[in-house]
2 protein chains.
Amino acid sequence: MAARSSDGDTRREWVPAVLAARDDTTCRVREVLDRVGEKWAVTVIAELGRKPRRYNELRRAIPGVSQRMLTATLRGLERDGLVRRTVHPVVPPRVDYELTPLGGTLLNTVSALLDWAVEHIDDVDGARAEYDGRQEVAAPG
Amino acid sequence: MAARSSDGDTRREWVPAVLAARDDTTCRVREVLDRVGEKWAVTVIAELGRKPRRYNELRRAIPGVSQRMLTATLRGLERDGLVRRTVHPVVPPRVDYELTPLGGTLLNTVSALLDWAVEHIDDVDGARAEYDGRQEVAAPG
DNA sequence: CTGAATCCAAGGGGATACTG
DNA sequence: CAGTATCCCCTTGGATTCAG
């Protein structure tokens, strides 16, 4: 689907009627982008991709996440079938989280985006510096 | 970078220390995810991927976008070096937007994510239905 | 035509305290 | 240990108006 030409080609015919319209399909495609944009979703998926974890293990593995957001993120991912939550009826409580196969395929796809980011950080940074420089000249302090 | 195994593998060693830590690199990788999560960014990139456009052409091509957000999105993309803005000094004003080569490579990467979304919409939807069903049973109205 | 400025509502997300 | 419940701030983003 969606045949792509080589890197750097700025001319395409194919893409995103997917995004332009807003039929049902389109709408839910957007939801995937929203999820990726959530502050902790990709981090959690990536962390679970390394290995299954318990709640607090996960919490320690992700510096900066609050209990509230970790729980909310996990619930969302579970609802979408990306993460499986397993409660062990023991005391003290033990809850394991792991990536589902579906979550695994998403991780594979998203990590291409992460690779892109790492690879092009300098380009983006340079562009920003240049842009900000131009703005300063245009609107002197 | 980041060797990946086949689809559906839920066990990885590699991934994103990139996201776990928060050194400079990490931080800016997150910014890429944020950008993808912005409501109109990917849509605009995709639309410009089809062909360069003028401001209002773009606006008409993207139903639902407000002037405010279209401008803001374009500014952000321009600042990151993903989009080039060309002002023609004529009256009435004419401003052309086009994807840069860098923007092109991002589009190629993101579209893999769009493909994933289209391909797995039904899985996600099914998971949601099942999850919501379980919740209803657990917390009856 | 291409924006900038202002106003405002909704939701994301952090800090903290409490619970089974 | 694994969460829930509150409070509250700040950002995102839509509507509208003004301007070059």
Side-chain angles (χ1 to χ4, degrees), chain A residues 19 22 27 30-44 47-48 52-80 83-98 131 134-135 138-139, chain B residues 19 22 27 30-44 47-48 52-80 83-98 131 134-135 138-139:
Chain A
L19 289 169
R22 94 282 254 84
C27 215
R30 266 229 48 81
E31 289 177 24
V32 171
L33 294 180
D34 289 345
R35 180 151 305 273
V36 168
E38 280 174 25
K39 188 164 184 182
W40 302 105
V42 169
T43 306
V44 167
E47 208 54 49
L48 288 179
R53 306 288 185 96
R54 303 178 51 173
Y55 182 84
N56 273 346
E57 284 176 344
L58 210 44
R59 201 149 103 82
R60 280 187 295 270
I62 304 177
V65 70
S66 66
Q67 255 182 8
R68 175 173 156 23
M69 288 316 297
L70 180 55
T71 300
T73 301
L74 286 168
R75 289 292 178 278
L77 296 176
E78 188 196 359
R79 187 169 107 98
D80 284 359
V83 161
R84 173 165 39 244
R85 175 173 181 266
T86 309
V87 181
H88 302 275
V90 300
V91 34
R94 176 194 180 105
V95 181
D96 287 332
Y97 291 94
E98 63 186 321
Y131 181 94
R134 287 203 304 267
Q135 299 318 95
Chain B
L19 288 169
R22 94 280 255 81
C27 212
R30 267 229 46 83
E31 291 177 22
V32 171
L33 294 181
D34 290 345
R35 175 139 313 241
V36 170
E38 281 175 23
K39 188 165 184 182
W40 302 106
V42 170
T43 307
V44 168
E47 209 52 52
L48 289 179
R53 306 289 184 96
R54 301 180 51 175
Y55 182 84
N56 272 348
E57 284 177 342
L58 210 43
R59 203 150 104 82
R60 281 186 296 270
I62 304 176
V65 70
S66 66
Q67 256 183 5
R68 180 182 178 324
M69 288 317 296
L70 179 55
T71 300
T73 302
L74 285 168
R75 287 292 177 278
L77 296 175
E78 188 197 359
R79 186 170 109 96
D80 284 359
V83 160
R84 174 164 39 246
R85 175 174 181 264
T86 308
V87 181
H88 302 276
V90 299
V91 32
R94 177 195 178 105
V95 181
D96 287 333
Y97 291 92
E98 63 185 321
Y131 181 94
R134 285 202 305 266
Q135 298 320 97

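Because the structure is predicted, anything quoted here is derived from the model rather than measured.
When the nearest nucleotides of DNA chain D are assigned to A:Arg60 and A:Arg68 by heavy-atom distance, the more 5′-ward of the two goes with A:Arg60. Position along DNA chain C of the nearest nucleotide to A:Gln67 versus B:Pro92 favours B:Pro92 as the more 5'-ward residue.
The CZ atom of A:Arg59 sits 11 Å away from the P atom of D:dG3 (whole-angstrom rounding). Between the CG atom of B:Leu33 and the P atom of C:dG12 there is a distance of 18 Å, given to the nearest Å. With rounding to whole Å, B:Asp96 atom CG is found 12 Å from C:dT2 atom C1'. The distance from atom CZ of A:Arg30 to atom C1' of D:dT12 is 12 Å, rounded to the nearest whole Å. Computed from coordinates, the A:Leu74 CG to C:dG13 P distance equals 14 Å when rounded to whole Å. At whole-Å resolution of the value, CG in B:Leu70 and C1' in C:dG3 are 10 Å apart. Summarising the geometry, the separation between CG on A:Asp34 and P on D:dG13 is reported as 9 Å, rounded to the nearest angstrom.
Heavy atoms of A:Arg54 sit under 4.0 angstrom from primed sugar atoms or phosphate atoms, though from no base atom.
At least one side-chain nitrogen or oxygen of A:Arg75 sits closer than 4.0 Å to the OP1 or OP2 atom of D:dG3. Between A:Tyr97 and D:dG3 there is a side-chain N or O to OP1 or OP2 distance below 4.0 Å. One finds no side-chain N or O of A:Arg53 lying less than 4.0 angstrom from the OP1 or OP2 phosphate oxygen of D:dC1. For the pair A:Arg35 and C:dG12, the criterion of a side-chain N or O lying under 4.0 Å from OP1 or OP2 is not met.
The closest side-chain heavy-atom distance from B:Leu33 to B:Arg30 is below 4.5 Å.
If you check D:dG13, C:dG13, D:dC1 against the side chain of A:Glu38, the one that comes closest is C:dG13. Residue B:Val95 places its side chain closer to C:dG3 than to any other of C:dG3, D:dG14, D:dA2. Residue B:Met69 has its side chain nearest to D:dG14 when only D:dG14, D:dT17, D:dG20 are considered. Residue A:Thr71 has its side chain nearest to D:dG3 when only D:dG3, C:dG3, C:dC1 are considered. Here D:dG14 is the nucleotide among D:dG14, C:dT2, C:dG20 with the atom lying nearest to any side-chain atom of B:Lys39.
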Show the numbers, then the answer: is there a side-chain contact (heavy atoms from CB on, under 4.5 Å) between A:Leu74 and A:Tyr55?
CA-CA 9 Å; A:Leu74 286 168; A:Tyr55 182 84; 4.1 Å; yes

Let me see the working for A:Leu48 and A:Glu98 under side-chain contact (heavy atoms from CB on, under 4.5 Å), right down to the final yes or no.
CA-CA 6 Å; A:Leu48 288 179; A:Glu98 63 186 321; 5.8 Å; no

Intermediate values then yes/no, side-chain contact (heavy atoms from CB on, under 4.5 Å), B:Val65 and B:Lys39
CA-CA 9 Å; B:Val65 70; B:Lys39 188 165 184 182; over 6 Å; no

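The side-chain contact (heavy atoms from CB on, under 4.5 Å) test with A:Asp96 is passed by exactly one of A:Arg85, A:Glu57, A:Arg84, A:Arg54: A:Arg54.
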